Protein chains: 2
Amino acid sequence: MVEPIRLNSLASEVFDRVVDAITSGEFEPGEKLSESKLARELGISRGPIREALQRLEGKLVQRVPRIGVRVIEFGADGLRQLFYLREAMEGMAARLAAENISDQDLLELEKMLKRHEDTIRGSTAYRQKTMDEDFHFTIARLSGCTNISNLLLSEVYYQLRIHRLKSSSRPGRAEEALAEHKKILHFLRARDPDQAEAAMRAHIRSARESTLALLDANVSV
Amino acid sequence: MVEPIRLNSLASEVFDRVVDAITSGEFEPGEKLSESKLARELGISRGPIREALQRLEGKLVQRVPRIGVRVIEFGADGLRQLFYLREAMEGMAARLAAENISDQDLLELEKMLKRHEDTIRGSTAYRQKTMDEDFHFTIARLSGCTNISNLLLSEVYYQLRIHRLKSSSRPGRAEEALAEHKKILHFLRARDPDQAEAAMRAHIRSARESTLALLDANVSV
DNA sequence: ACATCGCAAACTGTTGACAGAGAACAGCCG
DNA sequence: CGGCTGTTCTCTGTCAACAGTTTGCGATGT
């Protein structure tokens with residue numbers, strides 16, 4: 001069997017590795033990442049490390065000239081701004097999806113929500129994070145606007161994951177979210193761009209309020 | 001007189017230089033950029049060149065592994081998608097600006113529009129591009145959402161400039177745009193988020209239609 | 001004991017070099 | 001004369017080394 005030994009470059013490998021490490025909590029927010037140390041640990045040179053960290057700049061790390069690279073940390077304010085951005089971009093994505101969606105894609109979405117419903121009924125809400133991400137990114141993909149879906153993937157969802165790591169969601173939030181997802185799907189099925197965008201934006205606002213309220217509660221405790 | 005010789009890194013210098021070269025038309029869309037050649041021309045090593053081109057990836061250039069870097073080229077479809085993204089993000093920016101704007105900032109905006117009006121009355125419409133950019137970016141800044149303003153700057157405006165290079169705007173479009181800017185300012189002054197967002201989105205849709213119509217006309221000619 | 005100064009270690013920014021992959025081109029065969 | 005093949009040449013991906021800077025620790029003086 002012939003297969004390529006290594007398709008992607010070392011830099012991509014390091015990129016994925018570092019993303020995993022950050023979004024899984026191995027690297028704490030604010031922690032300083034040293035190029036040389038990473039290079040030593042991974043057993044490669046500093047070149048690919050540099051490239052990977054550069055690609056992560058503004059997404060998951062901050063670079064300060066002559067100082068180094070550190071994992072981003074953002075408080076309630078940064079999180080709120082992230083939700084503003086999501087609301088704008090995903091609202092537009094829902095609008096475009098409503099204009100372009102095919103019957104086939106509608107069926108796929110319905111099945112997805114069915115699975116989510118079963119999962120919620122069956123187990124704890126742990127899985128809700130990835131379910132939510134699935135639904136939202138599918139909508140972004142169906143918008144047909146690569147600009148928007150790429151930016152959501154690279155700029156928003158990574159940062160969201162970093163936050164979701166250390167905060168659980170309010171009990172009952174999963175059910176709320178599912179109901180809101182169903183409402184969005186309803187307007188997608190109706191091919192109603194205005195209502196689809198409105199429903200998506202309301203959903204994200206709702207998620208924002210829920211998240212920030214929980215955050216405030218935890219901080220004050 | 002003591003002053004730092006070089007505050008910013010070579011990579012930043014190269015970044016700015018390449019952005020200028022692309023947005024000024026020195027590098028044509030689709031043209032292949034060679035790291036080594038750039039390095040030779042600028043008289044520095046390939047390292048900073050690499051970093052600069054990496055930072056431009058997805059914004060003004062595309063990288064293909066093992067092949068190289070080329071200036072992005074996008075047709076009517078990419079341009080339309082860019083306007084969708086603008087509509088979403090700048091609409092939200094206008095909303096947030098309406099919520100937070102200070103009297104001082106309102107005065108600044110008024111003076112800016114006054115200057116624009118004088119410019120339009122006095123000369124050809126050549127300057128309209130940068131004027132428009134000024135107004136829109138100011139709104140983004142006033143939104144207070146660094147996420148949005150940074151993304152607009154790095155992902156949207158660069159690409160817009162590349163397009164504006166090779167297409168003039170329809171006669172009379174400058175006046176229309178100014179009127180729409182005034183309407184946006186009106187709702188900002190009224191601190192009406194809903195109307196401010198609606199006016200901004202209508203303005204960008206209007207610009208989209210105007211731009212795309214002109215593009216189609218030119219293509220068919 | 002405390003503050004200050006100086007030094008050394010570590011790290012980042014940059015450079016030059018090497019190996020492998022792609023592309024262009026000349027030559028050969030049908 | 002056209003298509004295939006082997007060579008050469010350039011370019012990217014990667015690595016090791018150098019220079020300048022920041023940081024932290026220790027010595028020194030008060």
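Since this is a predicted model, take the numbers as computed values, not measurements. In what follows, chains carry the letters A, B, and so on, assigned in the order in which the sequence lines appear, proteins first and then strands, with residues in each chain numbered from 1.
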**Student:** Separation of A/Glu35 atom CD from D/dT22 atom C1', in whole Å?
**Tutor:**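 Nearest whole value for this atom pair: 14 Å.
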**Student:** Less than 4.5 Å apart, any side-chain heavy atom of A/Tyr157 and any of A/Leu160?
**Tutor:**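 Of all side-chain heavy-atom pairs linking A/Leu160 with A/Tyr157, at least one is under 4.5 Å.
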**Student:** Near DNA chain C, counting only heavy atoms under 4.0 Å, which residues of residues 41-55 of chain A show up?
**Tutor:**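 Under 4.0 Å from DNA chain C: A/Arg46, A/Arg50.
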**Student:** Looking at A/Ser143 and A/Ala140, would you say the former's side chain and the latter's main chain have a donor-acceptor pair under 3.5 Å?
**Tutor:** yes
**Student:** How long is the line joining CZ of B/Arg66 and C1' of C/dG20, in whole Å?
**Tutor:** 7 Å
**Student:** Could you give the CZ-to-P distance, from A/Arg40 to D/dA17, as a whole number of Å?
**Tutor:** 14 Å
**Student:** Under 4.0 Å, counting only non-hydrogen atoms across every strand here, what does A/Leu38 touch: a base, just sugar-phosphate, or nothing?
**Tutor:** nothing
**Student:** Is there a donor-acceptor contact under 3.5 Å linking the side chains of B/Gln54 and A/Glu51?
**Tutor:** yes
**Student:** Verify whether one side chain among B/His181 and B/His203 offers a donor that lies under 3.5 Å from an acceptor in the other.
**Tutor:** yes
**Student:** What is the distance from CD of A/Glu31 to P of C/dC11, rounded to the nearest Å?
**Tutor:**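 Rounded to the whole Å, the gap is 13 Å.
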**Student:** How close or far is atom C1' of D/dT23 from atom CD1 of A/Ile67, stated in whole angstroms?
**Tutor:** 9 Å
**Student:** Hydrogens and angles aside, do B/Arg173 and B/Ser206 bring a side-chain donor and acceptor to less than 3.5 Å of each other?
**Tutor:** yes
**Student:** For the side chain of B/Ser36, starting at C-beta, report the closest nucleotide among D/dC11, C/dG13, D/dC15.
**Tutor:** D/dC11
**Student:** Could you tell me the separation between the CZ atom of A/Arg70 and the C1' atom of C/dC11, rounded to a whole number of Å?
**Tutor:**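 One finds 14 Å between C1' of C/dC11 and CZ of A/Arg70, rounded.
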**Student:** Rounded to the nearest angstrom, tell me the gap between atom CG in B/Leu10 and atom P in C/dT12.
**Tutor:**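 Nearest whole value for this atom pair: 18 Å.
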**Student:** Can you check whether B/Lys59's main-chain N or O pairs, donor with acceptor, with B/Gln159's side chain at less than 3.5 Å?
**Tutor:**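 Yes, the answer is positive, given that a donor and an acceptor are paired below the 3.5 Å cut-off.
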**Student:** When you measure from the side-chain N and O atoms of A/Ser34 to the phosphate of C/dA10, is any distance below 4.0 Å, counting only OP1 and OP2?
**Tutor:** no
